[in-house]
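All of these numbers come straight from a predicted model, not from anything done at the bench. Each chain gets a letter, A, B and so on, in the order its sequence line appears, and its residues count up from 1.
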Amino acid sequence: MDTLLSPLAALGRATLSLLAAIGSVAIFAADAVSQILRPPLYVREFGTALLTIGWFSLPVVALTTLFTGGALALQIYAGGARFNAEAVVPQIVAIGMVRELGPVLTGLMVSGRVASAIAAELGTMKVTEQIDALTTLSTNPMKYLAAPRILAATLALPLLAGVGDVIGIMGGYLVGTSRLDFNAATYLTNTAQFLVAGDVVSGLVKAAVFGFIVALMGCYHGMNSGRGAEGVGRATTNAVVSSSVMILASNYVLTELFFSA
Amino acid sequence: MIELSGVHKSFGAKHVLQGIDLTIPRGESMVVIGGSGTGKSVLLKCILGLVRPDAGSITLDSEDVTRADRDAFLARFGMLFQGGALFDSMTVWQNVAFRLLRGTQKRPKAEAREIAIEKLRRVGLQPETADLFPAELSGGMQKRVGLARAIAAEPEIIFFDEPTTGLDPIMSGVINDLIREIVTEMGATAMTITHDMTSVRAIADRVAMLHNGVIQWTGPVAGMDASGDPYLDQFIHGRATGPIEAVR
Ligand SMILES: Nc1ncnc2c1ncn2[C@@H]1O[C@H](COP(=O)(O)OP(=O)(O)O)[C@@H](O)[C@H]1O
Ligand SMILES: [Mg+2]
């Protein structure tokens, strides 16, 4: 009987703990948002967060989108050639980059770089009692640590994704004009004429959501880190895994929303 | 006056506090002793609301600490954490002056720095340490910076978690004198955790011994030697054998 029921019990336990986790993340998120909306903002913390999350992520975002834009151009050309539609390369690269790959790649790269860094930093602060010390010094850790980072990431990601879009299109352009015999001027006109504002805006909105997710998961796992070095390690891994999964899941939901709109 | 009654706290299956009853009178220096891992740090954190007790009540001047206005409540406290808990991202003086640089006690930077350097001097640290980062200091120095931070805003109630652990005997003497001074001159209420019996005699008005999750003995420091309590006797004389089992 026991062996028969134990898989069911395990499933039940897993479901309950998943629901509990969702609940505590939701409460954490609501608290963080209310801290962001209520002044004052810790300006210095916000500035530092903006610099580390936004500025220092530029190289990795630029490199990923550049290579992906180039590869995309080749793939679309190869696919398009099967029904004599090679000419659509500039348009599809632009659409693919701006609506989908720009924001998603930026989100995932920043998740690896930033969610882990935030979780490790706040996790270390948690296990060395620095977060308790903040509280005893009459400073709300949510306001002082979480709010500036989450706000900075939410604002920085659309900017990063915008840069990524441009560089990705440039990657396609470089491959298109050097390897695929596209005329440089035609390539650019086709790109520019085809894109509409909605493509760009929907991509940037996605990026803002991804930025929120990345910093939220970094802060949540860091501030709830288990004890010792092992606890911090686990918090870091969980932050990256959960933010990556949430980025991809919310990307689908957002795409559906923009698709039917 | 701080009053604890029937305070319980468990972590998982580990029942750390099993009904703590303790009164800390205003303006007195209470020292809590007890073996490692008996829950002394957890006890301090319960009073500060950093750890939520499972049962029991804690009041400050007859007001339930969980119902008090958090900001006003915490503004009355200073706390030295066992590990120092200095902010790595800030210099030593910015750590010490943390409370003086923001919030209700905010003042000009130059003034805050001056106060920080004065407090550093009182814990036996040179003004040159002010611009170093915590990672550049030894463990004992970090402890003293934590102490300076705890007293920087001159709180009414100060908790010291093992203030002399890791210090040399002379520096321990300096810190003991400082804590005594803060209580007698500033009229502060102090609660100190220590294993060091010299410290106990130097600092305490009253002593409480925590063992097996309860206050095993409490009384004035003068009554400590003639308590007749076998647990307390074993602890203050550091005997390996007695009612307290030392697992080997
Ligand atoms: N946040 C926590 N989570 C789980 N266990 C804890 C936590 N804090 C303390 N403990 C446990 O409670 C016990 C008492 O800890 P502590 O109060 O730090 O002891 P000490 O008397 O040496 O200060 C220890 O066994 C410790 O492992
Ligand atoms: Mg302790």
Starting at CG of B:Asp88, measure out to OG1 of A:Thr124 and round the result to the nearest 0.5 Å.
7.5 Å
Honestly, the part of A:Thr48 sitting under 4.5 Å from a heavy atom of chain B is neither
Walk me through whether A:Glu129 and B:Leu50 qualify under side-chain contact (heavy atoms from CB on, under 4.5 Å).
CA-CA 10 Å; A:Glu129 302 182 315; B:Leu50 299 173; over 6 Å; no
Give, as side chain, backbone, both or neither, the part of A:Leu134 having an atom under 4.5 angstrom from any heavy atom of chain B.
both
OH (A:Tyr144) and CZ (B:Arg102) are apart, to the nearest 0.5 Å, by 4.5 Å
Region of A:Thr128 in contact with chain B, defined by heavy-atom distances below 4.5 Å
backbone
Looking only at heavy atoms and a cut-off of under 4.5 Å, which of B:Gln105, B:Gln82, B:Arg149 has the most pairs with chain A?
B:Arg149
Crowding at CZ, B:Arg70 (>12 non-hydrogen neighbours, <6.0 Å):
yes
Atom CD of B:Glu111: over 12 foreign heavy atoms under 6.0 Å
yes
Within this structure, what is the CG-CG distance for the pair B:Leu44 and A:Asp132, rounded to the nearest 0.5 Å?
11.5 Å
Using only atom types and a distance under 3.5 Å, with no angle test, would you say the side chain of B:Arg99 pairs donor to acceptor with the backbone of A:Thr136?
yes
With chain A as the partner, which of B:Asp71, B:Leu86, B:Leu48 has the greatest number of non-hydrogen pairs under 4.5 Å?
B:Leu86
Check against side-chain contact (heavy atoms from CB on, under 4.5 Å), B:Phe81 and A:Gln130:
CA-CA 9 Å; B:Phe81 284 85; A:Gln130 292 178 51; over 6 Å; no
Between B:Ala85 and A:Ala133 the two heavy atoms that sit nearest each other are O-CB, 3.8 Å
For atom CD of B:Glu156, is the number of surrounding heavy atoms from other residues, nucleotides or ligands below 6.0 Å larger than 12?
yes
Greatest number of non-hydrogen atom pairs under 4.5 angstrom with chain A, of B:Phe77, B:Phe73, B:Phe98, falls to B:Phe98
